[in-house]
Engineer: 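Just passing along the structure, written as structure tokens.
Since we're looking at a predicted model, the values are computed, not measured.
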Amino acid sequence: MTRPKGQKRFAEMKRMIKLTDARLKAKDRAKPKNYEKKQEKKNIGEITEKQVAPVTSALFFRYNTQLGPPYHVLVDTNFINFSIKVKLDIIQSMMDCLYAKCTPYITDCVMGEIEKLGTKYRVALRIAKDPRFERLPCSHKGTYADDCIVQRVTQHKCYIVATCDRELKRRIRKIPGVPIMYLHGHRYTIERMPDAHGAPRT
């Protein structure tokens with residue numbers, strides 16, 4: 001029986017160059033299976049350089065030596081809003097928590113965030129404009145308050161961050177030596193600070 005013209009032969013394949021073929025350019029050529037192991041053996045004798053972030057001189061192991069009374073507290077937007085909700089005087093409650101004089105600081109980004117919230121949060125804006133609150137000017141690009149606080153705390157280790165934002169707290173916990181103040185049971189408490197005698201144990 002004759003085979004029809006259009007029908008292909010059994011097991012007939014198009015011949016292709018292997019990816020490891022020397023005729024291919026070096027960028028298109030596939031690496032052999034044990035290539036990486038050979039490269040590792042070559043690099044054993046070489047000295048490798050590793051980029052390590054510089055450690056701040058403010059830290060003695062994990063203890064931050066720059067923290068001390070009067071305490072500098074960086075205040076976040078939701079910290080002011082939650083304090084109003086539970087009817088707490090911010091400065092007085094901070095002093096009750098730390099048993100020392102506290103100076104609340106508010107950045108331009110946080111102030112802008114409160115202004116954007118509108119008339120519903122006008123009490124928070126009035127508290128933020130209190131003359132006892134120190135204003136910190138921002139020179140960076142963008143107006144995202146969380147990034148602003150994280151950047152400032154990374155550069156200067158003299159601040160305590162007052163926030164109730166879970167995401168911001170998670171980011172600050174990665175920075176060594178920066179305590180976090182937050183609301184717990186209708187009063188302020190602080191974490192990662194051994195000298196805070198007024199803070200309740202949680």
Engineer: Please examine the side chains of M181 and M193, heavy atoms only from C-beta on, and report whether any two atoms are closer than 4.5 Å.
Structural biologist: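 No; the side chains remain at least 4.5 Å from each other.
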Engineer: Could you pull out all residues at least two apart from Y105 that satisfy side chain to side chain contact (heavy atoms under 4.5 Å, CB included)?
Structural biologist: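 Only H72, L74, T103, E134, L136, Y159 meet the side chain to side chain contact (heavy atoms under 4.5 Å, CB included) criterion with Y105.
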Engineer: Say you draw a straight line from CZ of F79 to CG of D76; how long is it, rounded to the nearest 0.5 Å?
Structural biologist: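 Reported to 0.5 Å precision, the distance equals 9.5 Å.
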Engineer: Quick one: list whatever passes side chain to side chain contact (heavy atoms under 4.5 Å, CB included) with R170, sequence neighbours left out.
Structural biologist: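 Result, side chain to side chain contact (heavy atoms under 4.5 Å, CB included) vs R170: E167, K174.
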Engineer: Rounded to the nearest 0.5 Å, what's the gap from OH on Y188 to CD1 on I90? Could you check?
Structural biologist: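 Rounded to the nearest 0.5 Å, the OH-CD1 separation comes to 4.5 Å.
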Engineer: Using atom types as modelled and distance alone, determine if a side-chain donor or acceptor of N64 lies under 3.5 Å from a backbone N or O of G177.
Structural biologist: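 Judged by distance alone, yes, a pair lies under 3.5 Å.
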Engineer: Taking side chain to side chain contact (heavy atoms under 4.5 Å, CB included) as the definition, give me every residue that meets it alongside P69, ordered by chain and number, with sequence neighbours left out.
Structural biologist: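 P69: side chain to side chain contact (heavy atoms under 4.5 Å, CB included) contacts with Y71, A100.
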Engineer: Distance-only, no hydrogens or angles: does the R192 side chain make a donor-acceptor pair with backbone N or O of V178 under 3.5 Å?
Structural biologist: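 Here the side-chain-to-backbone pair exists.
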Engineer: Is V75 close to V110 at the side-chain level, that is, under 4.5 Å between some pair of heavy atoms?
Structural biologist: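 No; the side chains remain at least 4.5 Å from each other.
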Engineer: Checking the side chain of T65 only, and the main-chain atoms of A58 only, is there a donor and an acceptor separated by less than 3.5 Å?
Structural biologist: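 The answer is yes, because a donor-acceptor pair under 3.5 Å joins these two groups.
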Engineer: Using 4.0 Å as the upper bound for N to carboxylate O, is an ion pair formed by D147 and K141?
Structural biologist: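 Answer for the salt bridge query: no.
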Engineer: Quick check for you: to the nearest 0.5 Å, what is the distance between F82 atom CZ and T163 atom OG1?
Structural biologist: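 Result: 9.0 Å between the selected atoms.
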Engineer: Can you find a heavy atom in the side chain of K129 that is under 4.5 Å from one in the side chain of M111?
Structural biologist: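 Sidechains of M111 and K129: in contact.
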Engineer: Which value, rounded to the nearest 0.5 Å, describes the distance between D89 atom CG and I127 atom CD1?
Structural biologist: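 Output value for this atom pair is 8.0 Å.
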Engineer: Do any N or O atoms from the side chain of N78 and from the backbone of C164 form a donor-acceptor pair under 3.5 angstrom?
Structural biologist: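 Yes, N78 side chain to C164 backbone: donor-acceptor pair under 3.5 Å.
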Engineer: Let me have the donor-acceptor pairs involving side chains of residues 148-157, under 3.5 Å, with sequence neighbours excluded, atom names and distances please.
Structural biologist:
{"from": "R152", "atom 1": "NH2", "to": "P137", "atom 2": "O", "distance (Å)": "3.0"}
{"from": "T154", "atom 1": "OG1", "to": "V150", "atom 2": "O", "distance (Å)": "2.6"}
{"from": "K157", "atom 1": "NZ", "to": "T154", "atom 2": "O", "distance (Å)": "3.3"}

Engineer: In this structure, would V86 and M95 fall into the same cluster of hydrophobic residues linked by side-chain contacts under 4.5 Å?
Structural biologist: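 In one cluster: yes.
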Engineer: Can you pull out every salt bridge (Lys or Arg N to Asp or Glu O under 4.0 Å) where at least one residue sits in residues 98-110? Sequence neighbours excluded, please.
Structural biologist: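 Counting only pairs at least two positions apart or across chains, the salt bridge (Lys or Arg N to Asp or Glu O under 4.0 Å) contacts touching residues 98-110 are D108-R135.
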Engineer: Please tabulate, one pair per line, all N/O donor-acceptor pairs under 3.5 Å involving side-chain atoms of residues 119-126, not counting sequence neighbours.
Structural biologist:
{"from": "R122", "atom 1": "NH1", "to": "T119", "atom 2": "O", "distance (Å)": "2.9"}

Engineer: Nearest 0.5 Å please: distance from the CD1 atom of I114 over to the CD1 atom of I80.
Structural biologist: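 That separation rounds to 4.0 Å.
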Engineer: Quick one: closest heavy-atom pair of I91 and C102, and the distance?
Structural biologist: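 Answer, listing the atom of I91 first, then C102: CG2-O, 4.4 Å.
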Engineer: Might you point out which heavy atoms bring T107 and C138 nearest each other, and give the distance in Å?
Structural biologist: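 Nearest pair, atom of T107 first, then C138: CB-SG, 3.8 Å.
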Engineer: Atom CG of L98 and atom CD1 of I190: how far apart are they, to the nearest 0.5 Å?
Structural biologist: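 It comes to 4.5 Å.
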Engineer: Taking I175 as the starting point, is it possible to reach I160 by hopping between hydrophobic residues whose side chains are less than 4.5 Å apart?
Structural biologist: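 Yes, one cluster joins them.
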